[in-house]
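Working notes for the structure below.
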Amino acid sequence: MRAAAPPLTLRALAWTCAALGGGVLLHLDRLPAWASLTCVALIAWRVLAAQRGLWLPGRLVRALLALTMAFVVLARFHTLNGLSAGTTLLLLMASLK
């Protein structure tokens with residue numbers, strides 16, 4: 001049987017989200033505006049969900065969101081490889097997590 005992970009404290013989540021937000025800020029001039037806004041919205045949603053008990057999506061919804069994001073990056077850049085497409089996809093997936 002797999003042991004449950006210890007609960008994430010709000011302080012640890014805030015530091016994690018701040019680090020991810022810093023990564024998004026470092027790439028702000030290279031990311032498309034829609035990707036930057038999506039990352040910020042997902043980070044804010046996660047923090048607010050922890051603070052106020054808002055709804056977080058389940059496994060199926062997260063999988064569909066991840067596939068949708070990969071498809072949008074593929075449609076925008078015509079590839080998932082390369083510096084711009086890879087960075088965009090990596091930041092979107094990290095924000096989704």
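Sequence positions, counted from 1, serve as the residue numbers for this chain. Being a predicted model, the structure only gives us computed values, none of them experimental.
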Nearest 0.5 Å please: distance from the CZ atom of R30 over to the OG1 atom of T87.
-> 8.0 Å
Report whether L80 and L96 are members of the same hydrophobic cluster (ILVMFWY, side-chain heavy atoms less than 4.5 Å apart, transitive linking).
-> yes
Euclidean distance, L89 CG relative to S84 OG, rounded to 0.5 Å = 12.5 Å
Work out which heavy atom in V47 is nearest to a heavy atom in L13; give both atom names and the distance.
-> CA-CD2, 4.3 Å
Compare all side-chain heavy atoms of S95 with those of W45 and state whether any distance is below 4.5 angstrom.
-> no
Residues that W34 engages under ring-ring contact (aromatic ring centres under 6.0 Å, His included), provided they are two or more places apart | none
Other ILVMFWY residues reachable from L20 by side-chain steps of under 4.5 Å | V24, L31, I43, L91
What is the distance from atom CE of M93 to atom CG of L42, rounded to the nearest 0.5 Å?
-> 10.0 Å
Please tabulate, one pair per line, all N/O donor-acceptor pairs under 3.5 Å involving side-chain atoms of residues 67-77, not counting sequence neighbours.
{"unit_1": "T68", "atom_1": "OG1", "unit_2": "L64", "atom_2": "O", "d": "2.7"}

Minimum-distance pair of heavy atoms, taken over all atoms of A35 and L92 | O-CD2, 3.9 Å
Quick one: CD on Q51 to CZ on R46, what's the gap to the nearest 0.5 Å?
-> 11.0 Å
